[in-house]
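What follows is one structure encoded as structure tokens, with my remarks underneath.
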Amino acid sequence: MPELPEVETVRRGLAANIVGEKFKKIEVRHERATSKNSLARIESLSGAKVLEVNRRGKFLWLTFNRPEVLVAHLGMSGQFLIQPKSAADEKHLRARFVMKRNELRFIDQRTFGWLSVETLSDGVPSSAAHIALDPFDEEFDLTRAVNRFSARKTQVKKALLDQEVISGVGNIYADESLWRARIHPETRIEKLKSAKIQELIQCASEVMTEALSQGGTSFDDLYINVNGESGYFERSLAVYGQEGEPCPRCGTAIKRISFSNRSSHFCPKCQPTPRKSGK
DNA sequence: ACTAGCACCTGATCGC
DNA sequence: TGCGATCAGGTGCTAG
């Protein structure tokens with residue numbers, strides 16, 4: 001579910017609600033939610049006070065008044081909610097962090113999300129060490145990102161989704177970025193000039209910035225912020241989920257194709273199929 | 001070293 | 001009404 005704008009929305013919500021709070025009691029209710037740790041390892045953070053909520057790409061982590069950090073990934077359906085203690089347990093409640101006045105809850109229908117206790121190395125938890133900087137990071141270097149991108153020998157959309165090239169982009173914003181840059185998702189990277197790749201990365205950064213300003217994209221209640229509210233960027237999507245709808249630029253019907261087990265949405269006129277010559 | 005493909009889950013929806 | 005097939009905002013492991 002959540003891509004960079006949604007995860008950043010969650011990060012901001014957490015920062016506003018739990019920084020300075022102490023986890024008085026932690027209860028983990030699902031083995032798969034703990035990633036590589038034991039339930040006991042997560043629960044051993046009880047008593048810790050939250051100092052910061054950090055993020056790289058789609059990876060979040062909390063820092064405490066002790067060396068360990070709590071890393072969280074939302075996967076496809078994870079969410080954090082700030083709830084009153086009296087609220088009934090959600091159907092897919094995976095972990096509960098009891099604070100002074102209310103509770104932080106981790107809820108995850110599909111169980112692809114996870115929590116883990118780790119330490120930092122160069123300021124990043126081990127599970128995120130391989131993740132590239134995202135375009136919202138103040139250290140993000142466009143030239144270096146273009147160079148890494150150009151080195152990949154694959155289709156452009158695969159590189160855009162590769163979190164080791166640029167992090168934060170998922171299936172929605174990949175399709176939206178490619179539409180903005182007028183590139184067909186199956187175009188081989190070898191056929192793109194570096195100026196075009198740079199344009200594409202800038203489009204990704206722009207569309208995610210716009211989505212963040214709308215609180216992200218919510219198709220249903222699988223993505224909501226920590227207060228249970230939806231984002232409004234769905235109404236601004238040009239191609240994702242718009243199969244058969246007119247392209248906002250030229251009016252041609254949007255197409256959907258499937259490759260590497262995911263859907264890609266694009267305008268067949270603005271983003272013409274690449275020629276297959278000379279691979 | 002690098003890439004493609006699939007496995008990991010639950011639930012909603014659609015066609016028969 | 002039911003039942004199988006398909007689809008869903010992601011990542012990591014493995015085979016080649």
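Numbers restart at 1 for each chain; the letters A, B, ... are given by sequence-line order, proteins then strands.
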Tell me whether the OP1 or OP2 atom of [N] has a side-chain N or O from [X] closer than 4.0 Å.
X	N	value
A:N261	B:dG5	no
A:H92	B:dG11	yes
A:H130	C:dT11	no
A:Q163	C:dT11	yes
A:T154	B:dA4	yes
A:K58	C:dT11	yes
A:T111	B:dC8	no
A:R32	B:dC9	yes
A:K91	B:dG11	yes
A:R152	B:dT3	yes

Inset, instruction - Step by step, work out the side chain to side chain contact (heavy atoms under 4.5 Å, CB included) result for A:F149 and A:L200. - result: CA-CA 11 Å; A:F149 206 112; A:L200 173 62; 3.9 Å; yes

Inset, instruction - Check the angle between the aromatic planes of A:F80 and A:F106 and answer parallel, tilted or perpendicular using the 30° and 60° thresholds. - result: tilted

Inset, instruction - Can you label the angle between the A:H73 ring and the A:F59 ring as parallel, tilted or perpendicular, going by 30° and 60°? - result: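 Judged by the thresholds at 30° and 60°, the geometry between A:H73 and A:F59 is perpendicular.
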
Legend entry - Pair A:F219 + A:Y240: ring centers closer than 6.0 Å: yes

Inset, instruction - Tell which nucleotide pairs with B:dC9, taking only Watson-Crick or G-U wobble pairs whose two distances are both under 3.5 angstrom. - result: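 Base-paired to nothing in any strand shown.
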
[X] has an atom [atom1]; how far is it from atom [atom2] of [N], in whole Å?
X	N	atom1	atom2	result
A:F259	C:dC7	CZ	P	15 Å
A:W114	B:dA7	CH2	P	22 Å
A:Q79	B:dT10	CD	P	17 Å
A:I107	B:dG11	CD1	P	14 Å
A:R110	B:dA7	CZ	P	14 Å
A:D108	C:dT11	CG	C1'	13 Å
A:Y240	C:dG10	OH	P	7 Å
A:E164	C:dG10	CD	C1'	14 Å

Legend entry - Qualifying residue, where the test is side chain to side chain contact (heavy atoms under 4.5 Å, CB included) with A:M99 and the options are A:K25, A:K85, A:E21: A:E21

Legend entry - Passing option when A:C250 is tested against A:P248, A:C247, A:P246 for side chain to side chain contact (heavy atoms under 4.5 Å, CB included): A:C247

Taking the side chain of [X] as its heavy atoms from C-beta onward, which of [options] lies nearest to it?
X	options	result
A:K153	C:dG10, B:dT10, B:dT3	B:dT3
A:P2	C:dG10, C:dC7, B:dT3	C:dG10
A:S263	B:dT10, C:dG10, C:dC7	C:dC7
A:F59	C:dA8, C:dG12, B:dA4	C:dG12

Inset, instruction - Answer yes or no as to whether C:dT11 has its base stacked against A:F112, where stacking requires a ring-centre separation under 5.5 angstrom and planes under 30 degrees apart. - result: no

Inset, instruction - Determine the Euclidean distance between corresponding P atoms of C:dT14 and B:dC9; express it in Å to zero decimal places. - result: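 15 Å, rounded to whole Å.
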
Legend entry - Interatomic distance at C1', C:dT11 relative to B:dA12, whole Å: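 To the nearest whole Å, 23 Å.
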
Legend entry - Touch class at under 4.0 angstrom, heavy-atom based, for A:Y173 against every strand present: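 Nothing: the residue A:Y173, judged by heavy atoms under 4.0 Å, touches no strand.
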
Inset, instruction - Side-chain contact test, heavy atoms from C-beta onward, threshold under 4.5 Å: evaluate it for A:L74 versus A:E6 and give yes or no. - result: no

Inset, instruction - Using only heavy-atom distances, decide whether a donor-acceptor pair under 3.5 angstrom links the side-chain of A:R262 to the base of C:dA8. - result: no

